[in-house]
Amino acid sequence: MTITKDTVKKISKLSRIASNEKFEENMIKDLNAILKFVDQLNEVKIENIEPLASTVEQELIKRDDEVKKMNEKKDILINSPEENDDFYVVPKVIE
Amino acid sequence: MTEIYQLTLYDLIEKIKSKEISCEEATKSYVDRAKKSQKLNCFIEETFDQALDKAKNQSGKIDTSKKLFGAPFAVKDLFCTKGIQTTASSKMLEGFKPEYESTVTSKLWDEGANLLGKLNCDEYAMGSSNETSYFGNVINPYRNDKDLVPGGSSGGSASAVAAHLTSATVGTDTGGSIRQPASFTGTVGLKPTYGRCSRWGIVAFASSLDQAGPMTKDVRDASLLMEVISGHDNKDSTSAQIKQEVFSQKLTKDIKGLKIGIPKEYKIDGMSKEIIDLWDKGIEIVKSSGCEIKEISLPHTKYALPAYYIIAPAEASSNLARYDGVRYGFRAEGKDLIEMYENTRSLGFGDEVKRRILIGTYVLSSGYYDAYYLKAQKVRRLIKNDFDQAFKSVDTILTPTTPSAAFAIGENVDDPISMYLNDVLTVPVNLAGLPAISIPAGYDQNNLPLGLQLIGKSFDEQTVLNNAYAIEQSINFKPNFKDWWM
């Protein structure tokens with residue numbers, strides 16, 4: 001499969017990364033080189049092989065459902081690029 | 001005379017506990033040296049004054065029960081440190097001060113280590129040369145006629161340990177990010193079994209592959225640090241529920257009877273004779289230590305790197321979705337919310353990070369998921385099966401760590417694939433979740449260090465460490481760079 005300008009535009013949009021002419025040109029070149037490299041996997045016989053998403057063999061650990069005091073709002077809001085006392089502030093989303 | 005900063009972590013702590021050296025002297029020795037080593041660009045954030053204050057406090061109250069008491073200790077800037085800037089070497093996180101501490105670094109401070117600062121790395125740990133950092137290149141203390149990369153992504157960590165700017169450090173390894181830079185800088189780097197150390201509070205790259213691990217001056221230091229940072233953590237559901245071990249106390253170079261596998265597929269095309277000779281030297285050493293050598297086959301080795309470059313970007317594209325300019329870090333202006341997101345992510349991330357987000361988004365997108373992501377996961381299974389099969393007949397596997405020694409800054413930046421090939425010998429281990437160590441084994445003709453890698457069974461770090469210790473004691477590697485940057 002080949003990555004075209006339209007593909008780069010589409011995946012940039014999906015990734016929420018602003019795109020422009022120069023970016024698209026560079027990415028077409030780089031992403032096609034990477035895809036060509038990973039296409040080696042087509043040589044591997046994978047019939048009846050179960051996919052492996054994680055090497056962890058234990059069952060997910062459950063914990064007691066207790067209320068703990070952590071992640072205080074005022075501490076967390078300190079890092080937001082634009083804040084008031086109680087909320088995150090973003091550009092206006094309704095007219 | 002041996003300077004304080006030249007001591008191993010283990011020896012330094014012994015001398016602090018026996019009051020031969022004070023905590024203040026120890027910290028001052030490292031701080032003075034780090035201040036004179038700005039050219040190497042290892043530090044993104046320096047906490048020297050706080051470190052000196054803490055050391056002064058520690059000096060009067062020596063606590064011999066603490067395993068790292070008084071050790072001056074800088075960490076990779078991928079670990080969240082409470083109230084101290086944590087950037088993952090990205091513009092996106094410039095100025096970000098976490099309100100919590102990562103589990104691994106909490107364990108260091110609980111055992112009495114003393115934070116010196118945060119160390120440079122590739123942006124979001126994506127890179128093999130530390131050249132993707134927003135905060136500039138790190139320089140390797142080893143050089144020929146030009147400045148060389150320290151490897152990556154834990155490049156600042158590797159250079160800092162090699163150049164004696166920290167007594168030891170912790171890095172992270174997703175596809176080789178501890179072992180490859182350790183190999184390039186003549187230091188020791190251990191990637192533990194997946195699940196051995198908590199990932200909580202580490203900036204996430206590829207969550208099914210990321211592991212924190214020690215980067216040290218020698219194998220004994222790695223064993224000591226390993227026992228400090230490992231252990232189950234309720235905050236990381238993938239951290240293993242197994243008992244804490246005391247690796248340093250069980251460390252032995254008596255490895256008689258161990259069966260060691262030599263995988264023929266790791267002798268890759270174009271591998272230099274120097275590296276093959278070093279590998280042979282390693283084989284001779286373990287033979288003379290009474291080990292049995294077995295040629296083994298890991299038939300899917302060549303497919304590990306292509307599978308990795310689907311799986312890791314896929315996980316990264318998901319993990320990095322959180323950087324939206326709303327809750328922390330960098331924000332760019334935009335006429336509406338979507339444009340703000342897009343501009344923030346376009347200007348906040350560097351090129352390699354954007355490349356990987358786009359590849360990851362592509363392989364997960366509708367119509368391509370089966371052809372790429374699912375296929376890569378199936379290949380991952382086959383790679384793990386290869387190791388499972390091999391470990392039925394051997395205890396460890398011995399290979400070189402990297403296909404070359406450190407290269408010049410700028411040499412590989414224009415070609416992502418040639419950069420990715422750096423990790424061809426380290427990536428299979430991450431896909432299989434196994435522990436592996438890189439130890440310095442000798443020099444190439446340009447006097448640059450080269451490493452050997454030992455791979456072990458799941459949760460058998462002890463055998464890996466013992467095997468590495470035996471080789472280290474026999475090789476007796478000595479750093480040979482001059483302090484040319486001072």
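Below, chains carry the letters A, B, ... as their sequence lines are ordered, and counting in each starts from 1.
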Margin query: Rounded at 0.5 Å granularity, tell me how far CG in B/Leu298 sits from CD1 in B/Ile455.
Written below: 7.5 Å
Checklist line | Top of B/Pro98, B/Pro306, B/Pro313 for chain A proximity - count of heavy-atom pairs under 4.5 angstrom | finding: B/Pro306
Note to self: For B/Ala304, give me all partners under side-chain contact (heavy atoms from CB on, under 4.5 Å), at least two apart in sequence or on another chain.
What the structure shows: B/Ile383, B/Val427, B/Pro428, B/Leu431
Next item on the list: Let me know if A/Ile3 has heavy atoms under 4.5 Å from chain B in its side chain, its backbone, both or neither.
Entry: side chain
Next item on the list: Could you check which of B/Ile311, B/Leu374, B/Leu305 has the highest count of heavy-atom pairs closer than 4.5 Å to chain A?
Entry: B/Leu305
Item checked: Closest heavy-atom pair and its distance - B/Ala312, B/Phe205 -> O-CE1, 4.0 Å
Notebook entry, point to check: Between B/Val326, B/Ile357, B/Leu209, which residue shows the highest count of heavy-atom pairs closer than 4.5 Å to chain A?
Noted result: B/Val326
Next item on the list: May I ask you to name which of B/Ala240, B/Gly195, B/Gly334 has the most heavy-atom pairs under 4.5 Å with chain A?
Entry: B/Ala240
Next item on the list: Report the C-alpha separation of A/Ile11 and A/Leu31 in whole Å, then their side-chain angles, then the decisive distance to 0.1 Å, and conclude whether the side chain to side chain contact (heavy atoms under 4.5 Å, CB included) test is met.
Entry: CA-CA 11 Å; A/Ile11 53 179; A/Leu31 300 190; 4.0 Å; yes
Item checked: Side chain, backbone, both or neither of B/Ala376 within contact of chain A (heavy atoms, under 4.5 Å) -> both
Interface of chain B and chain A, donor-acceptor atom pairs under 3.5 Å:
from     : atom 1 : to      : atom 2 : distance (Å)
B/Lys97  : N      : A/Asn79 : OD1    : 2.9
B/Lys97  : O      : A/Asn79 : ND2    : 2.7
B/Ser239 : O      : A/Gln58 : NE2    : 2.9
B/Gln241 : N      : A/Gln58 : OE1    : 3.2
B/Lys302 : NZ     : A/Glu43 : OE1    : 3.3
B/Tyr303 : OH     : A/Glu43 : OE1    : 2.5
B/Arg327 : O      : A/Ser80 : N      : 3.4
B/Arg331 : NH1    : A/Glu82 : OE1    : 3.2
B/Arg331 : NH1    : A/Val89 : O      : 3.1
B/Arg331 : NH2    : A/Val89 : O      : 2.6
B/Glu342 : O      : A/Ala18 : N      : 3.1
B/Glu342 : OE2    : A/Lys13 : NZ     : 3.1
B/Arg345 : NE     : A/Ser15 : O      : 2.9
B/Arg345 : NE     : A/Arg16 : O      : 3.2
B/Arg345 : NH2    : A/Ser15 : O      : 3.1
B/Arg355 : NH1    : A/Asp30 : OD2    : 2.5
B/Thr361 : OG1    : A/Ser15 : OG     : 2.9
B/Lys375 : NZ     : A/Asn42 : OD1    : 2.5
B/Gln377 : O      : A/Leu52 : N      : 2.9
B/Arg380 : NH1    : A/Ala53 : O      : 3.2
B/Arg381 : NE     : A/Glu50 : O      : 3.0
B/Arg381 : NH2    : A/Pro51 : O      : 3.1

Next item on the list: Indicate the atoms forming the closest heavy-atom contact of B/Thr426 with B/Gly175, along with that distance.
Entry: OG1-O, 2.8 Å
Next item on the list: Please flag which part of B/Ile417 lies under 4.5 Å from any non-hydrogen atom of chain A: side chain, backbone, both or neither.
Entry: side chain
Item checked: Interface residue of largest heavy-atom contact number with chain B, from A/Ile46, A/Leu60, A/Val56, under 4.5 Å -> A/Ile46
Check: Of all of A/Val89, A/Ile78, A/Leu35, which one pairs up most often with chain B through heavy atoms under 4.5 Å apart?
Finding: A/Leu35
Next item on the list: Please look at A/Val93 and chain B and tell me whether the side chain, the backbone, both or neither of the residue comes under 4.5 angstrom of a heavy atom of that chain.
Entry: side chain
Next item on the list: Write down the atom of B/Val379, the atom of B/Ala307, and the distance for their closest heavy-atom approach.
Entry: CG1-CB, 4.1 Å
Check: How many angstroms lie between atom CD1 of B/Ile310 and atom CD1 of A/Ile34, to the nearest 0.5 angstrom?
Finding: 10.5 Å
